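Beneath this line is the structure, given in structure tokens, with notes to follow.
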Amino acid sequence: MTPESLRQSLRTRLLAWYDQNARDLPWRVGPAARRDGMRADPYRVWLSEVMLQQTTVPHAAPYFLKFTQRWPTVFDLAREDDAEVMAAWAGLGYYARARNLLACARAVAGQHGGAFPDTEAGLRELPGLGPYTAAAVGAIALDLPTNVVDGNVERVMARLFAVETPLPDAKPALKALAGELVGEDRPGDWAQALMDLGATVCRPKAPLCDRCPLAAACAALAGGAPETYPRKAAKVARPHRNGVAYILTQGDQVALVRRPPKGLLGGMLALPTSDWRTNGWSDAEAMAAAPASADWRSVGEVDHVFTHFSLTLRLLRAEGEAEGMIWTQRSGLDALPSVFLKAARVGLANLL
DNA sequence: TATCCGTGGCC
DNA sequence: TGGCCAAGGAT
């Protein structure tokens with residue numbers, strides 16, 4: 001149990017640090033403006049939080065600017081076609097987020113008159129809002145004193161209190177520790193301060209403890225090896241798979257398919273492919289699995305790494321026709337997930 | 001509860 | 001270069 005004096009000290013020091021060191025982010029209302037009563041639009045907070053799930057700030061930021069320019073309100077997003085939103089999300093990864101984003105926008109626009117719920121429990125019921133995102137939107141947009149716990153906060157707590165239990169088993173304890181520090185004063189700034197500290201000072205590698213406002217209280221620093229926290233369970237090896245991707249062209253058009261709505265790259269445009277399996281593909285096998293009979297030529301291969309397996313894709317190219325294809329101009333290939341954009345670029349560049 | 005689900009930057 | 005890492009959620 002954290003003593004009240006320590007709790008107050010940690011809060012005061014971190015909020016003061018945030019006042020001086022808050023990052024300037026496109027979706028953020030800074031501490032000075034918040035003191036003047038300004039609050040971020042819940043739509044923008046929600047959109048940014050969903051984009052930032054398991055995603056770095058530099059990667060998400062351009063997408064946030066593109067989305068908010070094209071769809072300034074939740075109503076604009078809610079009435080957009082699925083294909084347009086999926087295409088705009090292409091390259092950001094974790095495409096279930098985009099499907100849930102639309103479902104959530106339509107729920108808010110249709111059932112709540114365009115206003116997001118004003119309680120954490122209400123937010124938690126929306127598609128794509130789990131414990132973290134519901135707490136974050138509640139704190140940042142509504143100033144609710146929620147317990148916002150992401151990977152940054154887990155790391156800060158693990159170090160501050162030298163938690164020896166490895167992740168992911170330590171998650172409940174780390175969340176409880178973070179919860180003891182939450183207070184009624186400046187909940188939105190508190191949540192963002194903790195995450196900024198984790199992102200810029202209490203970093204995974206090479207933490208900048210000499211710049212940390214909590215260093216005097218940090219048990220891991222006192223122990224001499226703060227960078228070794230949080231402890232982590234051993235990881236499982238990533239298997240490798242092999243497949244064939246087919247680049248079928250008619251002049252400047254390329255044949256694409258729409259992947260099934262769920263599962264890997266669900267709902268996204270894609271190149272037609274074979275199965276992805278452990279064994280490699282011979283020329284004969286690759287021809288037999290092709291979407292059309294044509295003069296297929298081998299035009300190279302690409303490697304790609306997904307979360308739970310790596311992939312080598314042989315590339316076969318031909319000019320011809322096939323049933324059920326979505327014919328797309330080369331300029332439209334930016335609607336493809338990265339793995340297929342990479343494959344298309346390599347395959348179209350390598351002329352035999 | 002464990003597994004599935006992307007991507008790009010970094011060292 | 002391969003493993004690590006990033007503001008997690010759904011099933």
Side-chain angles (χ1 to χ4, degrees), chain A residues 23 25-28 40 44-64 86 89-101 103-104 123-141 146-156 167-169 171-172 175 178 188 190-200 202-207 227-228 230 232-241 259-268 270 276 302-311 336-342:
Chain A
R23 287 179 292 174
L25 301 172
W27 45 83
R28 174 173 287 178
R44 294 167 59 88
V45 175
W46 160 72
L47 181 62
S48 68
E49 290 299 341
V50 173
M51 288 183 168
L52 287 163
Q53 288 167 8
Q54 297 290 285
T55 306
T56 59
V57 166
H59 194 188
Y63 286 85
F64 176 82
M86 300 308 285
W89 195 275
L92 246 194
Y94 285 135
Y95 298 98
R97 293 185 296 173
R99 303 194 298 270
N100 287 327
L101 191 81
C104 180
L123 289 164
R124 182 68 181 78
E125 293 178 8
L126 293 169
L129 278 84
Y132 164 76
T133 306
V137 174
I140 298 168
T146 60
N147 189 17
V148 181
V149 183
D150 69 338
N152 288 306
V153 178
E154 288 179 345
R155 183 171 58 257
V156 171
L167 288 173
D169 287 355
K171 282 175 175 286
K175 186 167 188 174
W190 174 255
Q192 295 178 94
L194 218 36
M195 291 190 284
D196 272 24
L197 185 75
T200 66
C202 197
R203 307 182 298 188
K205 297 174 183 175
E227 71 281 359
T228 63
K232 293 191 176 176
K235 305 212 168 177
V236 298
R238 198 196 320 263
H240 189 81
R241 297 182 190 171
R259 290 179 64 89
K262 294 185 178 181
L264 186 74
L265 310 172
M268 298 297 289
W276 301 353
V302 293
D303 294 310
H304 194 77
V305 180
F306 293 99
T307 304
H308 54 297
F309 68 95
S310 55
L311 175 69
L336 291 172
S338 293
V339 59
F340 293 120
L341 180 59
K342 191 193 312 184

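Numbers restart at 1 for each chain; the letters A, B, ... are given by sequence-line order, proteins then strands. Everything numeric in this text was worked out from a predicted model, so none of it was measured.
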Comparing nearest nucleotides in DNA chain C, the 5'-proximal residue of the pair Gly128(A), Glu49(A) is Glu49(A)
In whole angstrom, what separates Glu154(A)'s CD from dC4(C)'s C1'? 16 Å
Which atom names give the shortest non-hydrogen contact between Arg238(A) and Ser310(A), and what distance separates them? CD-N, 3.7 Å
Distance, P atom - from dG9(C) to dG8(B), rounded to whole angstrom: 22 Å
In sequence, state the C-alpha distance, the side-chain angles, and the governing distance for Phe306(A) and His308(A), and then conclude on ring-ring contact (aromatic ring centres under 6.0 Å, His included). CA-CA 6 Å; Phe306(A) 293 99; His308(A) 54 297; 7.5 Å; no
Please test Arg28(A) against Asp196(A) for salt bridge (Lys or Arg N to Asp or Glu O under 4.0 Å), starting from the C-alpha separation and ending with a verdict. CA-CA 12 Å; Arg28(A) 174 173 287 178; Asp196(A) 272 24; 2.7 Å; yes
Side chain of Lys235(A) only, heavy atoms from C-beta on: which candidate in dG8(C), dC4(C), dT11(C) is closest? dC4(C)
For a quick check of understanding: with a heavy-atom distance under 4.0 Å over all strands, which category does Pro131(A) fall into, base, sugar-phosphate or nothing? sugar-phosphate
Could you check which of dG8(C), dA6(C), dC5(C) has an atom nearest any side-chain atom of Arg155(A)? dA6(C)
Nearest whole Å is fine: how far is dC5(C) C1' from Leu52(A) CG? 15 Å
Salt-bridge test for Lys171(A) and Glu154(A): reply yes if a basic N is under 4.0 Å from a carboxylate O, no otherwise. yes
Using a cut-off of 4.0 Å on non-hydrogen atoms, how would the nucleic acid contact of Thr133(A) be classed: base, sugar-phosphate, or nothing? sugar-phosphate
Just jot down the ring-ring contact (aromatic ring centres under 6.0 Å, His included) partners of Tyr63(A), sequence neighbours excluded, or say none. His59(A)
Under 4.0 Å, counting only non-hydrogen atoms across every strand here, what does Trp27(A) touch: a base, just sugar-phosphate, or nothing? base
Would you say dC5(C) has OP1 or OP2 under 4.0 Å from some side-chain N or O of Lys232(A)? yes
Name the nucleic acid region contacted by Leu25(A), choosing base, sugar-phosphate or nothing; use a 4.0 angstrom heavy-atom cut-off, strictly under. base
Just how far, in rounded Å, is C1' of dA2(B) from NZ of Lys171(A)? 13 Å
Nucleic acid footprint by protein, nucleotides 6-11 of chain B - heavy-atom cut-off 4.0 Å, B for base, S for sugar-phosphate alone: BBS---
Provide, to the nearest angstrom, the distance between the CZ atom belonging to Arg124(A) and the C1' atom belonging to dG8(C). 11 Å
Would you say the side-chain atoms of Arg203(A) pair up with the backbone N or O of Leu197(A), donor to acceptor, closer than 3.5 Å? no
Protein-nucleotide distance (Leu129(A), atom CG; dG8(C), atom C1'), rounded to Å: 11 Å
How close or far is atom P of dA10(C) from atom CG of Leu101(A), stated in whole angstroms? 12 Å
Roughly, in whole Å, what's the span from CG in Leu123(A) to P in dG9(C)? 12 Å
Excluding sequence neighbours, so at least two apart, what forms side chain to side chain contact (heavy atoms under 4.5 Å, CB included) with Gln53(A)? Val50(A), Arg97(A), Thr133(A)
Whole-Å distance between dC5(B) P and Arg241(A) CZ? 7 Å
